Amino acid sequence: MLNPYSLQMDFNFTDFEKKWQKYWLENKVFASKADTSRPKFYCLDMFPYPSGSGLHVGHPEGYTATDIICRYKRAKGFNVLHPMGWDAFGLPAEQYAIQTGTQPAITTENNCNNFRRQIQSLGLSYDWDREINTTDPAYFKWTQWIFIRLYNTWFDKDLQKGRPINELPIPAEIEKKGKEAVKEYIEKNRLAYYDNAQVWWCNNCKTVCANEEVLNDGSHEKCGTKEVERRFLKQWMLRIPHYAERLIDGLEGLDWGEGVKDMQRNWIGKSTGAEVDFKVDGIDKKLRVYTTRPDTLFGATYMVIAPEHKLVNEIVTADQKSKVEEYIKSAALKSDLDRTELAKEKTGVFTGKYAINPITGNLIPIWVADYVLMGYGTGAIMAVPAHDTRDFEFAKEFDIPVTCILDPEAADNELREKILAGEACWTDDGAYINSENPDLGLNINGMSKADGIKTVIDWLKENNLGEATINYKIRDWLFSRQRYWGEPFPIIHWEDGEVSAVEDENLPVELPKTDKYHPSNSGESPLANVTEWLEVVDENGRKGRRETNTMPQWAGSCWYYLRYIDPKNDEEPFSKVKENYWMPVDLYVGGAEHAVLHLLYSRFWHKVLFDLGIVSTDEPYQKLYNQGMILAFAYETAAGSKVPSDLVDEIDGKYIHTQTGEELKQIVAKMSKSLKNVVNPDDVTSEYGADSLRLYEMFMGPLDQTKPWTDTGVKGVFNFLKRVYYFFAEPNNIVEGEENKDTLKLLHQTIKKVGEDIEDMKFNTAISQMMIFTNHCYKVKHVTRETAETFAKVLAPYAPHIAEELWEMYGNEPAICQEAWPEVNESYLVENTFDYPVSFNGKMRFKLELSVDLSKDEIEKAATSNENATKWLEGKQIVKIIVVPKKIINIVVR
RNA sequence: GCCCGAGUGGCGGAAUUGGUAGACGCGCUGGAUUCAAAAUCCAGUUCUGGCAACGGAGUGCGGGUUCGAUUCCCGCCUCGGGUACCA
């Protein structure tokens, strides 16, 4: 029947893949229009940074997944929006320019062209008419436009809403102080503001970076070096903390993984507690602290203020002054990195002064220590050493009393004794002890934790000593960079000190051409060198300078999903009608590395735009899915050093170093040039075809899992596609007439399973179902044309090229990608019998095929009377028989 | 330290309102085809005892609930990701 020899020559995937890619592109098959007669589906991929090294195999993973979903959704009658573009501002192009003198715009264009070619060679169904590029002035004109909106917005805390700056009420006492004060007040309320800020500066990149970009090992996320330090510079900042509550609340209704939501919540870092005033003994000053446990006030035996705290100088006594000053100096010299790296050892100096614990009346010493950070809470704490690990370490180091106020009932006796004696620290819950002051009428002994907290806060409030407060870890977002290759700010600094935004009609502020890309060490951007661009004069002859900083790479990606909706609009960022139709994004797929930064930033921008009535949804991305990373096998010696893959031989399942003969361990690691295990999608496509690459990446395992690449795995799916082609392209296998019942049943099971799996994003099991169907076809040797065509439709989202080719071979036109998804005929799936597993005491012993119509009694009888059962019943008593229809028969014997 | 996620054959992985553990693929073994090889097709493949029929064990470890547990509960271990003097 089969004649593989001749067909083998015909499986020319290169030719037909090119043919169909050209067809899809030229006929704009995947162009989408707003069309209210059909349900919409907006499916977004995280757009790539077009690097010089081209596409990585990780890119096609997410892209193929969304492509399958989009092709399936189209077949199900949805109006699908599936765009692609380039996040093309960024450091590498600029560094390349510094090294070679090539304009970043040129490098970027080349890289985009290469990325586009590579992506198109995978047969992904993007609407290329909507392609965008963040470096295109026609695009960043609107990035600048949105920045101006941020600049002209203030946050109304009562309404929890951003509002136009001209609606900002000016308090009477500010108004009284005059024009300057009013101006200052307005500046203080803008969501985007320009101020001296202590910022991270990367000496390698010669630019500032956001808090979020400095990793916890002290390295810069963008360049990987540890050349980051603290500096004071005038910078643009965005008040993202104002939206903290909204950013937390908004997560509630989103179809995102709990993991990502948790990461965002942790990043925002909301904590509820109270601020409490402590009188400083001997002087008329109050020290305000923030605590999450006001109920432990009875156990506060000392206080700590941060070295940068304003009150330090006023508090310190004469004889402690020199010591304290020395300590502050050394703390300032330490970078934050040192401060955290040396975290374990507590340092500090006594100020010489005492505070009065408002609840016990005790005098407690005030210390300066760098384990308290100025940037969080009030920059001062009350220390409860008995129930806080850090405070306990500090108290032990400096011999400060420890008062236990929580009886650790859960601890064992020995530990409990130690804790009660103040010799150990207990941070879990316990019963209040020593928490009573009859003079003040305050007693929380015997209360629950919640009541204790409430009682103390109420008391503090009544006595005007404090109040409940909420704190967030998230800080203002540092939004300017001292680089050339980024969006210029639409801002002018005038000689009289005024700062103003460029008028909308004068946008975009384009990037001037220059040869000097070198940032200066002084913190000034290369744009400061381009005089003719830099200097401006207004109609009154007033001179001004343009802002020379540029926006960070995050800017362009904060709103690109909105521009895809209406990418060629010159009049506005997007048409409101179209935005209203397409938003929100129904599915957003990309790497987990953006779980906080990009997603938090763009949600923030989106919420501001929503408050201003520019977009119609409160959240941009309804469903988010993070794909797992694709890794590769690598090899290491017993000592743990890595060995490049080309120096490794596999012999009898063992991995041997070709030079030393040492046996190596196979590990899984990120692909890297040094390990020589990088897989280039172009190589895979030319050797096995785009369909194989797509199918393999989907077959590797669940989309969200990290998994290693194997070449033999690619061969496996390639083999499957060849089997599909050899069978379904062979005219002798395709017959007319009635289809075999088993084939029909399996076919419809396959339609059902593949469809459901796509909806659940379980692509790997859908492929295995198609393999099962193909294996079946080889067994039965013939299928009808209708079956073959239906199978092609099921295969089409996964392996669109081969599906189109088969479709055309069967004489159909125009394209299978425009065909409807086949209907499942449930009547083919009905089973008349079920092959029951019969188990004894839960262990399966034999199978028994029975009609599904049998009653439980009949099933019991059939099972116990079966000849296979005698052996298991011999000498035993039947205690019980469990029959679960169409599941199992379990006989309990004794 | 804290917060997530995950541990199943030689390998990637299936199966969860509790019901046949190992689908599908890789690898390996054998066979067909071939002068031969490649390619292709067919069969076998958790470990273990046995020629076999047929047994025993088995989803990170230790317990528990149940007629029945990869799935539920309790206590651990290991790995991956995030985060950290945040009071």
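This is a predicted model, so every value here is computed, not measured. Throughout, protein chains are lettered first and strands after them, A, B, ... in sequence-line order, and every chain is numbered starting at 1.
Contact annotation for A:R723: backbone-only contact, meaning every heavy-atom pair under 4.0 Å involves sugar-phosphate atoms and none involves a base. Counting any heavy atom pair closer than 4.0 Å across all strands shown, A:E258 reaches no nucleic acid atom. Using a 4.0 Å heavy-atom criterion, one finds that A:T291 contacts the sugar-phosphate atoms exclusively.
Donor-acceptor pairing under 3.5 Å, judged by distance alone, is present between the side chain of A:K346 and the base of B:C85.
Heavy-atom contacts from other residues, nucleotides or ligands closer than 6.0 Å to CD of A:E258 number more than 12. Counting heavy atoms of neighbouring residues, nucleotides and ligands inside a 6.0 Å radius, atom CD of A:E874 does not exceed 12 of them.
B:A84 and B:A21 have their P atoms separated by 47 Å, given to the nearest Å. On the C1' atoms, B:G25 is 38 Å away from B:C74, given to the nearest whole Å. Nucleotides B:G81 and B:G62 have their P atoms positioned 28 Å apart, rounded to a whole Å.
Distances from the side chain of A:Y726 to the nucleotides B:A43, B:U40, B:A21 place B:U40 closest.
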Response to the item:
Pairing string of RNA chain B (Watson-Crick or G-U wobble, both atom distances under 3.5 Å; | = paired to other strand) is (((((((..(((......[....)))((((((.......))))))((((....))))..(((((..]....))))))))))))....
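Remark: A:E61 engages A:K707 in a salt bridge, criterion side-chain N to carboxylate O under 4.0 Å.
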